[in-house]
Amino acid sequence: MISARGLTRAFDGTVAVEHLSFDVPNGKLCALLGPNGAGKTTTVRMLLGLIGPTTGTARVAGHVLGRGPNANRALRAACGLLTETPGFYDRVSAWDNLLFFGRLYGVADDVLKPRLEHYLRAMELWDRREGRVGEFSKGMKQRLAIIRALFHDPKVVFLDEPTSGLDPEAALAVRELILSLKAEGRTILVCTHNLDEAERLADLVGILRRRLLAFGTLDELRAGTGGRGRAGNGRTVRVRLVDAAADHAAALAALPGVRAVTPAATTLTVRVEDFAAVVPRLVARLVEHGAAVLEVRPEAESLESVYLQCVRGDEHA
Amino acid sequence: MSVLWLFLAREVRDLRGNSRVWPLYLILPLLAIALPVVFAVAMPQMIAMGQAKGDPALLLLLRTVQATPEFAHYSLVEAMTRYMLRNSFAILLLVPIAISSTSAAFSIVGEKLQRTLEPILATPISDRQFLLGKLLAALVPTVAATWIAAAAGAILVDALTWSRYGSPLLPDRFWLVGVLVLAPLLGACVVLVTMRLSARGTDPQAVVQTTALATIPGFLLLGAIFGKALTIFFPALLGACLLMLIVDAILFRGNVRTFRREEILTRWK
């Protein structure tokens, strides 16, 4: 589990991350979204105990963040990290690089070597294990770095841009690996700009821009309800009628749970808070009002739209 | 495997592929082998020529050597040869000074350039383990090169002079302590200074130059002042070793105390 409470970090008087509080329960995957410089990497570093918070605290994999240079060794041993840039010794082979880092984590060779083989095969790098990392493509280095984040069997995994620089096939393999990690019960925090990836993988989404603008499940964020912050504008229902939509717009506007109604020709675009609660009432009201309903099509708001509303709203504020 | 030796093993693997560093491991040790061999072989002729010319520096040196009790029972040529060979450990001291500043600069700045520091710092190793690992990784190959050069030089000198003197000229106790104790301690000092300076550098060559500026003048000055005493008074040599040990311990302690993971992660670009 990851639990942050009021995490704040300032660098030379400039606040990088402010009052960050959130929980990621065991076995859940949280995607942390935000523009460049939003504080995602600083957040991960604080949660790993690599840099200390100015104020606030956190509990990660059962360990409370400690102060001092050697206070968080047990926490780091329980976590895996995929750094923003892969970072390997270019003149050393992939196998020797991974062995070095695995041994730094204190994993015994008889456990480490089979695990490395398993992950290298899974990442389709087994045949290149004796090659120098300096000769690897960016995607290959990224896959190698993902292996480094996993080979010590961490309970909590931090992945900073896991599919950055990967071709679509390799990105798919990484996403499948991440899902299998989640299925194994690991708690995962992914920093990403890839909204599609977040939408596919995440149980929880946080939108960060120095402070947490929104945090909750995807549904909560889309609906703009529950969770933290009011991210989305709700969900959209498109209703196609036989006659002119404008004649029936006013009848829906006053309905509880309806946020906005926009008529256009024979189509009504209705923003609602909750499909299940509002759509049946909405159809009933239209029928009462004499409308001939041809089609009702619920449309979930995209994460991209939610994200942009959130970030632009913050810019405005 | 101990964390400390992990760094060393990785460094050795890295070194094999670093064509910018490994020539240093050949050139300086070869010079350190050649110099005593030249002294040993050419000393009789050099003395004869110097005496014939009445070279005042040589005559002063001869008087000093003759006045040294431990050389009293040797012929003038043998005493002078032994004394000059003893002095030749000075070049063996330069080997760790020159190589370790380069290897340490590549070792530490290389971590920056290859972005390997964050993954290392994310592992459960302590600051002390990390710094000691880096110290050993930079120092051990250098000391190994120094010792191999010293051993090769001594074997060659003895092989070439045995027929003339009938006993080995090297090693003597000064040479042994200089090579086995003082050279690694000097190398450690240079590595520790380099590690300190590396925190602010991004170019290995610039760090090597800054380290050279920070250490070599000091060593040369001390060598000029105390060099003669170090090759004549054995306690002075032991004292120099003890002093270097204390300096190294203070530098290492200072490095551990001032090591800031945060600074490295947030300011090293």
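The figures here come from the full heavy-atom set of this structure, side chains too, leaving out hydrogens, waters and symmetry mates. Every value quoted in this text rests on a predicted model; they were computed, and no experiment measured them. Naming: A, B, ... by sequence-line order, numbering from 1 per chain.
- For residues 113-122 of chain A, every residue pair satisfying the side chain to side chain donor-acceptor pair (under 3.5 Å) rule, not counting sequence neighbours, is listed here: A/Glu117-A/Arg121.
- Separating the CG atom in A/Asp90 from the OG1 atom in B/Thr116 is a distance of 9.0 Å, to the nearest 0.5 Å.
- Heavy-atom contacts from other residues, nucleotides or ligands closer than 6.0 Å to CZ of B/Arg128 number 12 or fewer.
- Atom NZ of A/Lys28 is surrounded by 12 or fewer heavy atoms from other residues, nucleotides or ligands within 6.0 Å.
- Interatomic distance, CG of B/Leu121 versus CG of A/Leu48, reported as 11.0 Å (0.5 Å rounding).
- The two atoms that bring A/Arg73 and B/Ile125 nearest to each other are NE-C, 4.0 Å, heavy atoms only.
- Heavy-atom minimum distance, B/Leu6 versus A/Leu104: CD1-N, 3.8 Å.
- A side chain to side chain donor-acceptor pair (under 3.5 Å) check over residues 143-155 of chain A, counting only residues at least two apart or in different chains, returns the pairs A/Asp153-A/Arg186.
- Residue contact with chain B, scored on non-hydrogen atoms closer than 4.5 Å, involves the backbone and the side chain of A/Phe100 alike.
- Salt bridge present: B/Glu118 and A/Arg45 bring a charged side-chain N and a carboxylate O closer than 4.0 Å.
- With values rounded to the nearest 0.5 angstrom, A/Phe101 atom CZ is found 8.0 Å from B/Thr123 atom OG1.
- Within the 4.5 angstrom heavy-atom criterion, atoms from both the backbone and the side chain of A/Leu50 approach chain B.
- Of all non-hydrogen atoms in B/Pro119 and A/Gly87, the two that sit nearest each other are CG-O, 4.1 Å.
- Ranked by heavy-atom pairs shorter than 4.5 Å toward chain B, the options A/Phe158, A/Tyr105, A/Phe88 are led by A/Tyr105.
- The backbone N or O of A/Asp96 sits nowhere less than 3.5 Å from a side-chain atom of B/Arg10 that would complete a donor-acceptor pair.
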